[in-house]
Amino acid sequence: MTVTITAFEKSPDGGKGLARDTRVRWALEETGQPYDVRLLSFQAMKQPAHLALHPFGQIPTYEDGELVLFETGSIVLHIAQRHAGLLPHAADARARAITWMFAALSTIEPLIHDLTIAKFQEGDKPWTRERLPLVLDRIRARLQPLSARLGGADWLDGDFSAGDLMMVSVLLRLRASGLLDEFPNLAAYVARGEARPAYKRAFAAQLAVNAA
Ligand code: GTB
């Protein structure tokens, strides 16, 4: 049975690939899995049919027969554990790759999400002018050790893994802020991720929806 994921019918980013279905598409492409996409309006995401799949009424979801998953960390990990290409076979290396997935999602992404909130949801508040530099500095304080750890390597721990897929997906969200450019090795790391054929296919697929 072909996997079905959900995505925005019209992403607010107009197809820049920043909505979280892109990372799931990327994982499916890296592992050579065909998939179908069910597109949802914001309204449909909050209806009972979708809430039965995703308790928070968000995208993406993942359906494979009876199995329904939400949360991109869980979905990408499931794909990576099921299919070759995203996790090393050796147990310790596999555990380290999964650790980088968690680092991306729980140590880096919340700070980046905070920047999105500060700019787009709270941009008109009188205190945003004072708060924004603090938000940016908190991100810098996380990027600095990440940059130091990556150093001159291509990927975070040996070969490209689900850990890199998740970290690149998260860091991509920073492009418009200019913060990535302060860390040239991280900017190059993100560019390496985007240059992967599987990423390009995932990006093109979401763009095709949003450019339509
Ligand atoms: N923790 C969850 C996961 O990783 O799966 C977060 C899922 C999530 O935030 N989904 C968002 C959503 O459904 C879409 S991706 N939002 C609608 C809602 O909550 O009602 C977040 C997103 C949206 C748009 C842009 N953009 O336009 O740049 C970027 C990221």
Side-chain angles (χ1 to χ4, degrees), residues 3-30 35 37-64 67-82 86 97-123 132 135-136 139 142 162-180 190 193-194 199 202-212:
V3 161
T4 300
I5 67 167
T6 51
F8 283 132
E9 179 182 78
K10 204 84 192 149
S11 176
D13 75 355
K16 291 196 180 78
L18 300 176
R20 287 179 174 86
D21 57 294
T22 304
R23 57 186 72 167
V24 173
R25 293 174 186 268
W26 188 7
L28 289 164
E29 293 287 354
E30 288 284 352
Y35 63 97
V37 184
R38 191 167 60 251
L39 301 175
L40 297 172
S41 64
F42 274 92
Q43 198 186 17
M45 285 160 54
K46 308 302 177 197
Q47 297 303 311
H50 186 65
L51 288 170
L53 307 179
H54 195 310
F56 307 116
Q58 297 183 312
I59 61 95
T61 53
Y62 171 102
E63 293 160 70
D64 185 6
L67 178 67
V68 179
L69 297 175
F70 58 96
E71 286 297 332
T72 52
S74 168
I75 296 170
V76 171
L77 182 57
H78 175 76
I79 294 167
Q81 284 177 325
R82 272 250 160 120
L86 281 173
I98 293 170
T99 298
W100 280 116
M101 289 184 67
F102 277 85
L105 291 171
S106 59
T107 301
I108 308 283
E109 188 158 50
L111 299 177
I112 295 175
H113 188 60
D114 201 25
L115 177 61
T116 308
I117 291 175
K119 278 186 171 170
F120 299 108
Q121 289 178 26
E122 299 171 348
L132 203 50
V135 171
L136 291 169
I139 297 173
R142 284 278 190 259
D164 296 298
L165 183 152
M166 202 54 91
M167 191 63 82
V168 168
S169 298
V170 164
L171 293 177
L172 265 169
R173 299 181 58 184
L174 281 178
R175 175 159 290 126
S177 73
L179 277 177
L180 264 188
V190 169
E194 291 174 302
Y199 178 82
F203 183 88
Q206 65 76 37
L207 181 61
V209 171
N210 288 291

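Indexing begins at 1, ligand by ligand and atom by atom, following the structure's order. The structure presented is a predicted model; accordingly, all values stated were derived computationally and were not measured.
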Subject >> Phe203 backbone acceptor or donor facing Gln206 side chain under 3.5 Å >> reply: yes

Subject >> Side-chain (Asp164) to main-chain (Val168) donor-acceptor, under 3.5 angstrom >> reply: no

Subject >> Which residue and heavy atom of the protein sit nearest atom 11 (C) of ligand 1, plus the separation >> reply: Ile59 O, 3.7 Å

Original post:
What protein heavy atom is closest to atom 26 (N) of ligand 1, reported as residue, atom name and distance in Å?
Top reply: Asp13 CB, 3.5 Å

Original post:
Can you tell me the protein heavy atom closest to atom 5 (O) of ligand 1 and the distance?
Top reply: Thr72 N, 3.0 Å

Original post:
For the residue pair Ala118 and Leu132, what are the closest heavy atoms and their distance?
Top reply: CB-CD1, 3.8 Å

Subject >> Location of contacts on Phe8 toward ligand 1, heavy atoms closer than 4.0 Å >> reply: side chain

**OP:** Starting from atom 19 (O) of ligand 1, find the nearest protein heavy-atom neighbour and note its residue, name and distance.
**Re:** Gln58 NE2, 2.9 Å

Original post:
Just distances here: any N/O of Glu71 and N/O of ligand 1 closer than 3.5 Å?
Top reply: yes

**OP:** Starting at OG1 of Thr72, measure out to CE of Met101 and round the result to the nearest 0.5 Å.
**Re:** 8.0 Å

Subject >> Closest protein heavy atom (residue, atom, distance) for atom 29 (C) of ligand 1 >> reply: Leu18 O, 3.6 Å

Subject >> contact_flag Phe70 ligand 1 heavy-atom lt 4.0 Å >> reply: no

Subject >> Check: Thr4 main-chain N/O paired with Arg38 side-chain donor or acceptor under 3.5 Å >> reply: no

**OP:** Look at the side chain of Thr6 and the backbone N and O of Ile59, then say whether any donor-acceptor pair between them is shorter than 3.5 Å.
**Re:** no

**OP:** Using heavy-atom distances, let me know which of Met45, Arg20, Lys10, Lys46 sits nearest atom 6 (C) of ligand 1.
**Re:** Arg20

Subject >> Test item: Ser11 side-chain N/O and Phe8 main-chain N/O as donor-acceptor pair under 3.5 Å >> reply: no

